[in-house]
Amino acid sequence: MRDRLGHFGYVTVRSTSDNPYLKVAEEIRAHEFHYYDTSDNGDTCLLTKPSGKSWTGIQVYKNVLQDLLICIIRQDLR
């Protein structure tokens, strides 16, 4: 656990592979905030900050989207 927030702020999440939640190249906007970090962030999506900084993250196991780093907010709920 960190003593302050890490990776705080808005990001664009772009899927790098098809999964139960996002098709390949589908994008959603999200906000992340966390005190924890891990050595295995996953590689299901590319996360990009408005500044252009990006990294891979988010894991999918069977039908569970898991990530300690991000809270995803769907903007296009129908």
Side-chain angles (χ1 to χ4, degrees):
M1 187 163 158
R2 298 175 173 193
D3 59 350
R4 65 187 189 102
L5 286 170
H7 291 281
F8 179 82
Y10 292 103
V11 293
T12 299
V13 178
R14 182 181 178 96
S15 179
T16 57
S17 60
D18 284 337
N19 61 71
Y21 302 95
L22 300 168
K23 300 293 182 203
V24 68
E26 184 177 1
E27 291 184 350
I28 58 173
R29 292 175 46 191
H31 187 272
E32 63 173 340
F33 49 95
H34 59 90
Y35 286 96
Y36 293 91
D37 203 357
T38 177
S39 60
D40 185 11
N41 291 321
D43 61 359
T44 302
C45 295
L46 179 67
L47 293 81
T48 306
K49 293 185 85 57
S51 68
K53 180 181 177 182
S54 63
W55 62 96
T56 57
I58 302 181
Q59 297 180 16
V60 174
Y61 177 72
K62 296 187 180 183
N63 67 343
V64 177
L65 181 76
Q66 50 193 5
D67 192 291
L68 294 174
L69 308 178
I70 191 163
C71 175
I72 295 177
I73 304 167
R74 287 297 299 239
Q75 300 272 328
D76 60 345
L77 296 176
R78 294 181 185 106

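Index from 1, following the sequence.
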Residue list, side-chain contact (heavy atoms from CB on, under 4.5 Å) with T12, at least two apart or on another chain
E27
Please identify each residue that fulfils side-chain contact (heavy atoms from CB on, under 4.5 Å) with S54, with sequence neighbours left out.
L46, T48
Ignoring hydrogens and angles, tell me if any N or O in the side chain of [X] forms a donor-acceptor pair with the backbone of [Y] under 3.5 Å.
{"X": "T16", "Y": "T44", "result": "yes"}
{"X": "E26", "Y": "V13", "result": "no"}
{"X": "D18", "Y": "K23", "result": "no"}

Which heavy atom of P20 sits nearest to which heavy atom of V60, and what is that distance?
CD-CG1, 3.8 Å
With side chain to side chain contact (heavy atoms under 4.5 Å, CB included) as the criterion, how do V11 and W55 come out once you've worked through the C-alpha distance, each side chain's angles and the decisive distance to 0.1 Å?
CA-CA 11 Å; V11 293; W55 62 96; 4.0 Å; yes
Inter-residue atom distance [X].[atom1] - [Y].[atom2], 0.5 Å rounding:
{"X": "K49", "Y": "Y10", "atom1": "NZ", "atom2": "OH", "answer": "11.0 Å"}
{"X": "I58", "Y": "C45", "atom1": "CD1", "atom2": "SG", "answer": "4.0 Å"}
{"X": "D43", "Y": "S17", "atom1": "CG", "atom2": "OG", "answer": "7.0 Å"}

